[in-house]
Amino acid sequence: MSIHASNIRKTFGAFTALDGVDLNVPRGKLVALLGPSGSGKTTLLRIIAGLEHADPGSGQIQFHGEDVTNVPAGERKVGFVFQHYALFRHMTVLENIAFGLRVRRRRDRPPADEITDRVHRLLKLVQLEGLDARYPSQLSGGQRQRVALARALAVEPKVLLLDEPFGALDAKVRKELRRWLRRFHDEIQLTTLFVTHDQEEALEIADEVVIMNQAKVEQVGTPQEVYDKPASPFVYQFLGNVNVLRGQVPEQVGVHQSRSATLIANGVVYVRPHDIELSPDVPGAAGAVAVIRYVHVAGPQARLSVELVQTRENVEAEISRTELTALGLGVGDLVRLRLRQSHSFDDDYAI
Amino acid sequence: MTFAATLPRPPRRVLPGFGLSLGFTLAYLGLIVLIPLSAAFLKTAGMSWDEFVTAVASPRVLASYRLSFLASLAAGMVNMFFGLIVSWVLVRYTFPGRRIVDALVDLPFALPTAVAGIALTAIYSKNGWVGRWLEPHGIKVAFTELGVFVALTFIGLPFVVRTLQPVLLELEPEIEEAAASLGANRWDAITRVILPELFPALLTGFALAFARALGEYGSVVFISGNMPMRTEITPLLIITKLEQYDYRGATAIAVVMLVASFSMLLLINLLQKWSRRHHRI
């Protein structure tokens, strides 16, 4: 079932959490709501789930074209997974997952043995077979999150909403679990919207990314679209490391995709560290002259901090370690710097 | 190899002082709690079995056990119920005067119990503010068993509220939202999710209020009227015996009370342990 939200407005006192936001989640897709904390993404998710209500007079929430704005949370057929799992501590895993079925009115409630069957099928689906008698306190964070997911799926929701599903997990488990979620989604094909502040997470697993900032949607697109063609300086900065060259950008630095020529000389230029090309400073070489200040070589890439001689601006560059060895560069050496790709924005503002 | 080297060394702790503080705890408990209590047992041990039975099982004493335990149980139960509501309101909602209401809860702690007893008697007697309205309906509070129950409820209220408040504060609102989004109605959310989470704390509050009510003397003697066989509580009988220089009789009743309340508290503790079984790791 698709989700469609239009012109959603929400204020908390003087604070505007959502300022006329539109959102579309196509049927069967995995969509990420990405933004920094305080951007309104969780509020939007909670409004879609019916856990919170938009301001009176603001727009509609539709599921598959049907207006659910005033439908209570329990009747929206939504599976909601909370950041801190919100498992019922006094219930076993089985009881937790069965909860949504057991609270149904008698005529809608499946028979007890069918509930148990369904719980076991779900446990198998989330790869937690054999843990049905455990209490949440006996599980690891990743296991709890999967129990929360199974509990949400038990009521056969039409859409799945996840609030920072991996936020409380440690880095390694987070990576494993998000890849697992992607495969899981491909298997069950349920329309899924998840909130995250981790751009890597959003770009890695989502079909589509909705980037929010300051109560508004900044950009919507596939991970590749938003990464390669950011619509605003905010998106550019938010989606990865970036160098912001504010001073006079030397014209000789290289290719430029700016929209007007004056920007090259006067505007702010954004460039990703991996789009910077370094070469030894030999007479007649192209590019701006810079001095290497630091070299960090932990990890697959070498990160270099270089200072442009002309403007004294610091630039972070990332090159492969083999390339660094081939260049034979070290701290204090002079290099020539060129930009493979960079961005400028016409209506730029300071961030 | 020396013998000492083969002994397992006690694990080094970052925070020293375990031995000292444990020693202090035991000495303190012994001095303040165990020695006075064992004195009661020793004194009683000097009685013959027949003397003991006569002292603790005379009809008047039996009637006082009945009143003391039943009224304390009832007061504990009522406090458990209303204390839950009070603490829920104090934790979950903000309203003008919340802090004042919060402070009011502690009043039964702070008030000298005799003052509470006199005040309750004045209010609930035939001409009192409340008693005046109850009397025509045939409800007598002052100088009846009901009065005893009212006084015990009054003094027990803070225990339940103060035990529940921190637990309620810690209870994530998300679990209610989770229940709601899974289709549970408000009643199911309360009975299946919230109350089970609160149950251990509720039991603790109940046990404290109950234990306090059992030992209460000051407020009850004013409102109960102290009629033999009807409104005498056990602590009153102990005092009466003391006033008649029947020290052994007094300690004998005290021992019975002690054993009875200790076993009830133990029972409540076991129940609590069972209700917290999901906390095992």
Side-chain angles (χ1 to χ4, degrees), chain A residues 42 45-46 48-52 71-93 95-105 108-109 133-140 147-157 159-164 168, chain B residues 80 84 87-88 91-96 98 163-207 268-281:
Chain A
T42 294
L45 193 78
R46 290 171 58 84
I48 293 171
L51 297 174
E52 230 156 298
V71 176
E75 291 163 31
R76 286 195 188 187
K77 296 228 161 245
V78 157
F80 198 95
V81 177
F82 293 83
Q83 179 177 6
H84 298 287
Y85 328 126
L87 293 177
F88 308 130
R89 288 182 298 176
H90 60 283
M91 295 184 199
T92 60
V93 167
E95 289 164 341
N96 262 287
I97 300 175
F99 182 85
L101 299 171
R102 288 182 178 166
V103 295
R104 282 192 186 166
R105 274 169 300 188
D108 304 329
R109 196 191 309 152
R134 299 267 189 103
Y135 285 97
S137 63
Q138 298 167 305
L139 301 178
S140 72
V147 173
L149 186 63
R151 183 179 68 176
L153 292 172
V155 294
E156 293 176 328
V159 298
L160 185 61
L161 306 173
L162 306 108
D163 183 14
E164 300 264 5
Chain B
M80 190 160 77
L84 172 64
S87 52
W88 181 267
V91 169
R92 279 296 160 93
Y93 306 107
T94 44
F95 51 90
R98 184 169 65 109
T163 334
L164 275 178
Q165 265 178 330
V167 182
L168 273 174
L169 273 173
E170 204 195 313
L171 197 71
E172 309 163 286
E174 276 103 75
I175 64 165
E176 285 168 59
E177 291 175 349
S181 89
L182 288 169
N185 58 34
R186 197 68 191 142
W187 175 250
D188 279 328
I190 289 171
T191 55
R192 295 185 188 220
V193 174
I194 298 170
L195 280 183
E197 293 269 357
L198 296 180
F199 191 63
L202 267 175
L203 267 184
T204 307
F206 169 75
I268 292 171
N269 251 309
L270 288 176
L271 193 60
Q272 202 181 23
K273 195 174 167 196
W274 171 80
S275 72
R276 291 172 64 91
R277 65 203 179 282
H278 57 274
H279 279 287
R280 71 187 173 191
I281 301 291

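Residue numbers start from 1 in every chain, and the chains themselves are labelled A, B, ... in the order their sequence lines are given, proteins ahead of strands. All heavy atoms count here, side chains included; hydrogens, waters and symmetry mates do not.
- Heavy atoms closer than 4.5 Å to chain B are found in the side chain of A:Arg46, but not in its backbone.
- No side-chain donor-acceptor contact under 3.5 Å links A:Asp163 to the backbone of A:Gln83.
- Contacts between B:Glu172 and chain A at a heavy-atom distance below 4.5 Å involve the side chain alone, from C-beta outward.
- Only the backbone of A:Ala152 comes within contact range of chain B, judged by heavy atoms closer than 4.5 Å.
- With a threshold of 4.5 angstrom between heavy atoms, A:Val78 approaches chain B through N, CA, C or O but not through any side-chain atom.
- With a threshold of 4.5 angstrom between heavy atoms, A:Phe88 approaches chain B through its backbone and through its side chain.
- In this structure, chain B has heavy atoms under 4.5 Å from both the backbone and the side chain of A:Arg151.
- Contacts between A:Leu101 and chain B at a heavy-atom distance below 4.5 Å are absent for every atom of the residue.
- Of the inter-residue distances, the one linking B:Leu164 atom CG with B:Leu202 atom CG reads 4.5 Å to the nearest 0.5 angstrom.
- Using modelled atom types, no side-chain atom of B:Glu170 and backbone atom of B:Val167 make a donor-acceptor pair closer than 3.5 Å.
- For B:Ala189, no part sits under 4.5 Å from any heavy atom of chain A, backbone or side chain.
- A:Arg76 contributes a side-chain N or O that, together with a main-chain N or O of A:Ile48, makes up a donor-acceptor pair within less than 3.5 Å.
- Of the candidates A:Met91, A:Arg89, A:His90, A:Met91 is the only one forming a side-chain contact (heavy atoms from CB on, under 4.5 Å) with A:Asn96.
- Judged by distance alone, the side chain of A:Glu95 and the main-chain N or O of A:Thr92 form a donor-acceptor pair under 3.5 Å.
- Counting heavy-atom pairs closer than 4.5 Å to chain A, the top-ranked of the candidates B:Glu177, B:Glu174, B:Glu176 is B:Glu177.
- Atom NE2 of A:His84 sits about 8.5 Å away from atom CD of A:Glu164, to the nearest 0.5 Å.
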